[in-house]
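There's a structure below that I have some questions on.
Below, each value reflects all heavy atoms present in this structure, side chains not excepted, and no hydrogens, waters or symmetry copies. If you're wondering where the values come from, they're calculated on a predicted model, not measured in any experiment.
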Amino acid sequence: MHDFRGSTVEDLNLPPAFSITPETPLEHALELSFERSYSYLPVISSRTRSLLGYLSAEQLQKTFSSPPRPNDDSKKGALASATVRSFMHRFPKKQAFQKITPDTPLEELEEFFETGHDFAVITDGDRRFVLAVAVPEDLQNFVKRRPSISLGNA
């Protein structure tokens, strides 16, 4: 475990999340993901703006990047006509989620990742708005950028 010296999620300086809805065309979501180098896109309700799940760019890339068979345009057609709804990962409705906000200490975020989570959705305190998405690499980069404290012998 790292010594984050009182730093919080806000100190990671994460880019704002780009949320999509289940009705978003899949091709558009993929373009946005690659343009911004986002691994995960939060999926929110177009009506209530509540968090429904996420779209994994890596999973989609694997699905659509395998070589097509000769005379098989099914993947190309599927991508052009599909919406996010068909490929999103839904969060269980009754599962309690750990709230992670800009004020969450980085030690807590590190523990969250150590329990097997690939990413964290950063929300406001009331969980009404998705603010950002953090991945373990964000913590690693923070540690690398931060100078270490040496307590030399005096």
Side-chain angles (χ1 to χ4, degrees), residues 1-65 79-80 82-154:
M1 186 170 249
H2 294 95
D3 177 13
F4 294 107
R5 299 181 270 170
S7 298
T8 64
V9 169
E10 185 173 24
D11 296 316
L12 294 176
N13 295 319
L14 299 168
F18 190 87
S19 299
I20 54 178
T21 67
E23 297 80 23
T24 302
L26 189 60
E27 197 167 19
H28 182 63
L30 275 172
E31 288 172 10
L32 293 170
S33 172
F34 292 127
E35 284 174 6
R36 293 177 169 84
S37 298
Y38 287 171
S39 302
Y40 300 95
L41 292 174
V43 180
I44 59 173
S45 166
S46 53
R47 250 187 29 248
T48 64
R49 311 302 287 168
S50 62
L51 186 61
L52 301 175
Y54 66 94
L55 189 66
S56 165
E58 181 181 347
Q59 182 61 39
L60 288 175
Q61 189 174 16
K62 287 178 186 175
T63 301
F64 288 103
S65 68
L79 181 60
T83 62
V84 167
R85 181 182 315 280
S86 304
F87 292 89
M88 66 184 269
H89 300 273
R90 290 189 176 276
F91 292 130
K93 290 185 180 189
K94 305 239 181 211
Q95 182 177 343
F97 289 100
Q98 182 174 343
K99 182 167 59 171
I100 300 175
T101 70
D103 297 326
T104 299
L106 290 184
E107 289 83 3
E108 284 183 33
L109 183 62
E110 183 178 47
E111 287 174 18
F112 180 79
F113 289 139
E114 287 174 352
T115 61
H117 296 91
D118 294 330
F119 68 100
V121 177
I122 315 304
T123 64
D124 65 308
D126 296 328
R127 295 188 194 177
R128 290 188 185 158
F129 302 103
V130 175
L131 304 175
V133 174
V135 294
E137 291 80 19
D138 294 320
L139 279 179
Q140 293 165 5
N141 291 337
F142 180 81
V143 169
K144 288 177 189 173
R145 287 192 317 261
R146 195 138 180 182
S148 62
I149 297 177
S150 75
L151 302 173
N153 297 334

Fill in: Test item: Asp138 side-chain N/O and Val135 main-chain N/O as donor-acceptor pair under 3.5 Å
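It does hold such a pair.
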Practice prompt. Look at the side chain of Ser45 and the backbone N and O of Ser50, then say whether any donor-acceptor pair between them is shorter than 3.5 Å.
Written response: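 It does not hold such a pair.
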Item to complete: To the nearest 0.5 angstrom, please state how far the OG atom of Ser7 sits from the CG atom of Leu12.
Response: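 Rounded to the nearest 0.5 Å, the OG-CG separation comes out at 8.0 Å.
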Practice prompt. Find the distance between CZ (Phe129) and OG (Ser19) and round it off to the nearest 0.5 Å.
Written response: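 Interatomic distance, Phe129 CZ to Ser19 OG, rounded to 0.5 Å: 11.0 Å.
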Discussion item. Is there a side chain to side chain contact (heavy atoms under 4.5 Å, CB included) between Thr24 and Val43? Walk through the geometry before answering.
Written reply: CA-CA 9 Å; Thr24 302; Val43 180; over 6 Å; no
Worksheet item: How close do Val9 and Thr101 get, heavy atom to heavy atom, and via which atoms?
Response: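 Heavy atoms of Val9 and Thr101 come nearest at CB-O, 3.4 Å.
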Worksheet item: Given side chains that start at C-beta, do those of Arg90 and Arg85 come closer than 4.5 Å, heavy atoms only?
Response: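 Yes - at least one pair of side-chain heavy atoms lies under 4.5 Å apart.
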Worksheet entry | Heavy atoms of other groups near Arg128 CZ, more than 12 under 6.0 Å |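 Count not over threshold, so no.
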Worksheet item: Should Leu26 and Thr83 count as side-chain neighbours, where that means a heavy-atom distance under 4.5 Å?
Response: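 When only atoms from C-beta onward are counted, Thr83 and Leu26 do not touch, as no gap falls below 4.5 Å.
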Fill in: Distance, nearest 0.5 Å, that separates CD1 of Ile100 from OG1 of Thr8
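Spacing of CD1 (Ile100) from OG1 (Thr8) equals 12.5 Å.
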Worksheet item: How about Leu14 and Leu131: do any of their side-chain heavy atoms sit closer than 4.5 Å?
Response: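 SC-SC contact between Leu14 and Leu131 ruled out.
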Worksheet item: Minimum heavy-atom separation for Lys99 to Arg127, with atom names?
Response: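 Minimum heavy-atom separation between Lys99 and Arg127: CB-NH2, 3.2 Å.
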Worksheet item: Angle class for the Phe142/Phe4 ring planes (parallel below 30°, perpendicular above 60°, tilted otherwise)?
Response: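 Correct class here is tilted.
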Discussion item. Within this structure, what is the CD-CD distance for the pair Glu114 and Glu110, rounded to the nearest 0.5 Å?
Written reply: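 Here the interatomic distance stands at 4.5 Å.
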Practice prompt. Kindly indicate whether the side chain of Thr104, heavy atoms from C-beta on, has any atom under 4.5 Å from the side chain of Ile122.
Written response: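 No, side chains not in contact.
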Item to complete: Enter the distance from Gln98:CD to Thr115:OG1 here, rounded to the nearest 0.5 Å.
Response: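 These two atoms lie 7.0 Å from each other.
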Discussion item. Ignoring hydrogens, what is the shortest heavy-atom contact between Phe113 and Ala120? Give both atom names and the distance.
Written reply: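 Phe113 and Ala120 have their closest heavy atoms at CE2-N, 3.8 Å.
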Discussion item. Testing the basics here: between Ala29 and Leu41, what is the closest heavy-atom pair and its distance to 0.1 Å?
Written reply: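 Closest pair (atom of Ala29, atom of Leu41, distance): O-CD1, 3.5 Å.
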Discussion item. Testing the basics here: between Ala132 and Pro15, what is the closest heavy-atom pair and its distance to 0.1 Å?
Written reply: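 Looking at all heavy atoms of both residues, the closest pair is CB-O, 3.7 Å.
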Practice prompt. Indicate the atoms forming the closest heavy-atom contact of Asp11 with Arg145, along with that distance.
Written response: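 Residues Asp11 and Arg145, closest heavy atoms: O-NH2, 4.3 Å.
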Fill in: Beyond-backbone contact of Pro22 with Leu52, side-chain heavy atoms, under 4.5 angstrom
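Heavy-atom side-chain distance check passes, below 4.5 Å.
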Worksheet item: So, Thr21 versus Glu23: side-chain donor-acceptor pair below 3.5 Å or not?
Response: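 A donor-acceptor contact under 3.5 Å links the two side chains.
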Item to complete: Run through Phe18, Tyr38, Tyr40 and flag the one making a ring pair (Phe, Tyr, Trp, His ring centres under 6.0 Å) with Tyr54.
Response: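 Running ring pair (Phe, Tyr, Trp, His ring centres under 6.0 Å) over Phe18, Tyr38, Tyr40 with Tyr54 returns exactly one hit, Tyr40.
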